[in-house]
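Single-structure report; data block below.
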Amino acid sequence: MNRAGSVDFSLWGAFRCIVARDLTLAMRRRADVLTTLFFFVIVVSLFPLGIGPEMATLRIMAPGVVWVAALLASMLSLERMFSADYRDGTLEQMLLTPQPLPVLVLGKVFAHWLVSGLPLVLIAPLLGVQYDLPPEGLLILAVSLLVGTPVLSLIGAIGAGLTLGVRGGGVLVSLLVLPLYIPVLIFGAGGVDAAMSGLGAQAHLSLLGAFLLGALILAPWAAGAALRISME
Amino acid sequence: MNRAGSVDFSLWGAFRCIVARDLTLAMRRRADVLTTLFFFVIVVSLFPLGIGPEMATLRIMAPGVVWVAALLASMLSLERMFSADYRDGTLEQMLLTPQPLPVLVLGKVFAHWLVSGLPLVLIAPLLGVQYDLPPEGLLILAVSLLVGTPVLSLIGAIGAGLTLGVRGGGVLVSLLVLPLYIPVLIFGAGGVDAAMSGLGAQAHLSLLGAFLLGALILAPWAAGAALRISME
Amino acid sequence: MLEVSNLECVRGDRRLFAGMNFSVQPGELLHVHGPNGSGKTSLLRMLCGLAAPAEGEIRWNGESIRSLREDYCKEMTYFGHLAGIKEELTALENLRVAVQLAGGDSAEDGLLDALDRMGLAGREDLPAKVLSQGQKRRVALARLLLCPTRLWILDEPFTALDVTAVKMVQQLLSEHLHNGGMVVLTTHQEVDIPAGTVRRIHLN
Amino acid sequence: MLEVSNLECVRGDRRLFAGMNFSVQPGELLHVHGPNGSGKTSLLRMLCGLAAPAEGEIRWNGESIRSLREDYCKEMTYFGHLAGIKEELTALENLRVAVQLAGGDSAEDGLLDALDRMGLAGREDLPAKVLSQGQKRRVALARLLLCPTRLWILDEPFTALDVTAVKMVQQLLSEHLHNGGMVVLTTHQEVDIPAGTVRRIHLN
Amino acid sequence: MSNWSSLSEFLAMGGYAPFVWGSYGVTALCMVVEVVLLLRRKRTLLQRLSRTNRVTAEVSKSNEVQT
Amino acid sequence: MPKINWFKYSSPQAFYPLIGKMIPWFTVLAVAFTLPGLYFGFFVAPPDYQQGESYRIMFIHVPAAWMSMFIYVVMAGYAGMGLVLNSRLSSMMASALAPTGAMFTFLALWTGALWGKPMWGTWWVWDARLTSELILLFLYIGFLSLQAAIDEPRRAARASAVLALVGVVNIPIIYFSVKWWNTLHQGASITVTKAPTMAASMFTAMILLTFAFWMYTIAVALMRVRCEILERERNSEWVAQAVGRSR
Ligand code: HEM
Ligand SMILES: Nc1ncnc2c1ncn2[C@@H]1O[C@H](COP(=O)(O)OP(=O)(O)OP(=O)(O)O)[C@@H](O)[C@H]1O
Ligand SMILES: Nc1ncnc2c1ncn2[C@@H]1O[C@H](COP(=O)(O)OP(=O)(O)OP(=O)(O)O)[C@@H](O)[C@H]1O
Ligand SMILES: [Mg+2]
Ligand SMILES: [Mg+2]
């Protein structure tokens, strides 16, 4: 049991407390976790139905389709990041705790990624096989998602914070964040393409890494500011 | 002013009252209406970024991409159909009015389609142009969407009703309705493909029409039953 | 007349009450009270047909409310923990839709009059979301003035109301009872109704 | 010590109040009252720093709360219209998270004890969503027993509570005042506090 | 040093009339519409303000705080 | 410790009458640049030897494209100032610029498409420049929708300011990503090329119309700012007086 007194409750403690809370919540409604995943799988599987079954076409499309589906799945789950907390008043309470807001936000984003980003990374290679991707493509697909999806969660947190309590928030958030997701999409899907055509995905992946670093530093502040504004 | 007394308030009156109410609500938050539309536009524009700019590939994909985007846009806006009413207690009140529930549901579905389906039909040809579709393809695309999107709204109402009040309903609903959407997707996108390859889209469109008829008859009852179950 | 026989309510693992029998006659008010969590809300939701009882039956004029359904709804008004107010619609529009769907008389004058009586004069055209907690509840309560139903089922109608408004609603209840209406009510505050018979049920 | 000078609140087109001055000293309870929609909630949200005043300043021990921010939060507990309870977590988990984040002592025994005092013994491990309206509010109020803050800002804390619970909370407020705490409170019910000074502000 | 010998030649734009005039026309239209909308917005705003001004003046007078 | 009150230096009250005086000047300037610009564009500049008369679209296409980008940066600058210095006038300027910026973005796309059809035989290609202009339009629309979705003007201004700042950090990233994306693949068969050797008269027309667009933007933004000031400050004494006077 965490027996932290009022004095030595550190930043790390606050972070852990939020992550633990959100993971517990996610476990209580396990359906949520699975549905993001299923959404991803279904969207990826819809395309062959809409487009036709030729493997050659499908192989060209595969990285793009998987990445777009990941974008959409991650975006859909954004709505959950703050809005439940907003509606039942726990967010209000969170803003009034003596902990620095960016740390709390980072905790929430991390928990969100564990629940909605990580499963996508794990299942993506399987979907890639459906589209007949070669092994090196599958590897780079998974790696690019591993580096890219946290960026999506981080950028998404800003959008989710801004649209809190706004009517039609669910769709509005997509409007705000999808354009910002585009570089991640381009380098994510581009990396897989490059790997498949034998050019090497080094450059793409490093750029994705740079995005991740930048987002880690800036997004928690921006999202924190967004939350404060939304609560006014 | 509608001066309906308590006696002669007909089915048609109830239907109109609900449609008028929902359209007023939509006008109050006009952003909502536009965001569904922009979501559609953005998703369609994301694909070339993931896949690459070659027009030949894009033209093959176009019907599938536009239809999948329409599916997603329509599905995302489902969340709005009942959940706001559920949360603020107006749905509870609606179930307790002396009007037959299927009529009220039909009113809500119709309003929902006017707001979230019709705009897609109108803008789709423009997006088709971005993918360099030929004129006959554009026409069939719009017509197939015109017949198909109401089916999506009707089927969606059932899913939306069932997932009310379930945490993470937004994603769960997609899991329930997407499989049901698949036939619409296949015949919608297939029709456009057929038109473009000169085979004629007659058969596809008639099938879509048949779906529409079936959904119009069955869905309001099913959705009404779903709502009653959710309120227990 | 509302009759309840041998009613049982089970929530999760717990049986909240069982073997409950009572009836409400015209001109009677039934005050259901009991501590937090004793099952008042659960009882009221069964009475209006939103939830199904685990056991027992609820009859309206001798017929089960399950079989009456819409006909029962014609004679009953329910007011729950949630006010049933759309935030984007104005006070007036909210009231109009509610009254129209309930089959009441939705003439503009009557609506404005009802809002006026509830102390909302001058706020008719504000969207409900800018109204305070108590003002929203007042808009919802205005419905009672316009729906010609005989049975009112009210779950904590006094929540968030200030003293004047509480008096107003009590006055309204008296009138309703006086005209042969029936009321089932929960509240943690004291009820002070000049007219009609007040009966109590205590849940524990 | 909480000081408010020349405070103005504007909501939408309306100026709810202006030129408001008061201070709350240790051992004092400030009861803000007024009819529905007079701006009580708006005032309390400004006092705890969630909303910005249109004009004027709020100071804690002489410094503006805008500049203090987290240091102010260390000494203040806010309890609003929304209880701040997660439906999926149990009563115990809810309380634990709230206390940990507020920097209080989150030892298991203390938590159980507090829930017990709020009359929730035996319900600690139920998810909050199956609790009744009043029980949820009790869970939220249990926080007050464990947070060593000096200023409590409570917006209608008695809503949905039964008579026993209301007494309990009043007792708790007395103790807090007795120990040199400060309370700002709104409620439409009568407040009956044995210890401490009670001052009133009337909004209209 | 004019490029055009007649008005109709000017309007024909060397066969590119729909494109050139479509561009210039829509540009002009957008600008005009924007300005018109703004002028209308300002007019209705002023009307509304002068109407509500009187009301709020009365309200704020009766809103004195009593401690 | 006395704190600098930035309100005082950028108080809407002080600016309101000043703005009123500035608007006519910028309107006049806009017209004064437009007329010679159009004259040069249609009557002085010779037809292009390759494109014939269709190239005259350039005289509004290029200024519109430039404006769409400038305005976003200026808008984000104002938004940032509004957020950091808490100065109301700055955030009003930001929201006043947005609709005009979106309009120019749309115009750049529209005129570009109308130019593309005769030149490339298609309305649209997924070229880097075109694509990033499209994304810019989405960013503007996001900004405007967010603002429209929030009723409280203060909150709307602050929320959209955060969005504008996030967007401005992203714009260069987006621009270079799109560029790289496009060239990594086999390049689109046609790209936006510079006009061969631009005659001085063509250049003059383009520059004149660019200035005209600038002046137009300033005039319109100031008009909009006046409305915003009135709307947000409607409770203050001075607005009551100003409204009284103007009636
Ligand atoms: C929808 C289609 C189009 C869009 C969105 C578009 C967008 C843009 C943008 C954003 C710029 C400014 C770029 C910069 O200064 O870095 C620009 C400049 C320009 N565009 Fe377009 N364009 C389109 C079509 C065309 C077409 C069809 C042509 C001619 C064949 C064209 C010719 C030019 C020229 C000559 C410039 C100025 C070049 C420069 O300053 O470097 N554009 N366009
Ligand atoms: N799924 C469930 N599992 C276990 N207990 C449940 C479940 N659902 C409800 N309960 C219990 O049933 C009771 C709910 O009663 P109800 O909401 O009717 O209370 P109430 O009398 O209206 O209380 P209040 O005065 O607080 O509104 C609570 O004690 C709650 O703990
Ligand atoms: N955006 C707005 N536009 C117009 N009026 C508003 C706006 N926001 C709030 N108001 C008004 O401000 C008041 C809100 O006050 P507040 O919620 O603080 O009331 P309260 O004193 O807490 O009332 P209650 O006792 O009902 O909880 C209401 O009269 C409401 O109509
Ligand atoms: Mg209850
Ligand atoms: Mg209040």
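Remember, predicted model here, so these are calculated numbers, not experimental data. Every chain is numbered from 1 and lettered A, B, ... according to where its sequence line falls, protein lines coming before strand lines.
With chain C as the partner, the residue from Ser42(D), Gly39(D), Pro35(D) showing the most heavy-atom pairs under 4.5 Å is Pro35(D). No other option in Lys136(D), Gln189(D), Arg123(D) has as many heavy-atom pairs under 4.5 Å with chain C as Arg123(D). In terms of heavy-atom pairs under 4.5 Å with chain D, the best-connected choice from Val130(C), Val163(C), Leu161(C) is Leu161(C).
Remark: Glu55(D) CD is loosely packed, at most 12 non-hydrogen atoms of other residues, nucleotides or ligands lying under 6.0 Å away. A 6.0 Å sphere centred on CZ of Arg15(C) holds no more than 12 heavy atoms belonging to other residues, nucleotides or ligands. Counting heavy atoms of neighbouring residues, nucleotides and ligands inside a 6.0 Å radius, atom CG of Asn21(C) exceeds 12 of them.
Among residues 109-119 of chain C, no residue has any heavy atom closer than 4.5 Å to a heavy atom of chain D.
Neither the backbone nor the side chain of Arg137(D) has a heavy atom closer than 4.5 Å to any heavy atom of chain C. Heavy-atom distances place both the backbone and the side chain of Gln135(D) under 4.5 Å from chain C. With a 4.5 Å cut-off on non-hydrogen atoms, Thr164(D) does not touch chain C at all.
For the atom pair NE2 (His81(D)) and OG (Ser132(C)), the distance works out to 7.0 Å, reported to the nearest 0.5 Å. Here Glu156(C) contributes atom CD and Thr159(D) contributes atom OG1; the two are 9.0 Å apart, rounded to the nearest 0.5 Å. With values rounded to the nearest 0.5 angstrom, Gln133(C) atom CD is found 10.0 Å from Thr186(D) atom OG1.
Across all non-hydrogen atoms, the minimal contact from Asn36(C) to Ala165(D) is OD1-CB, 4.4 Å.
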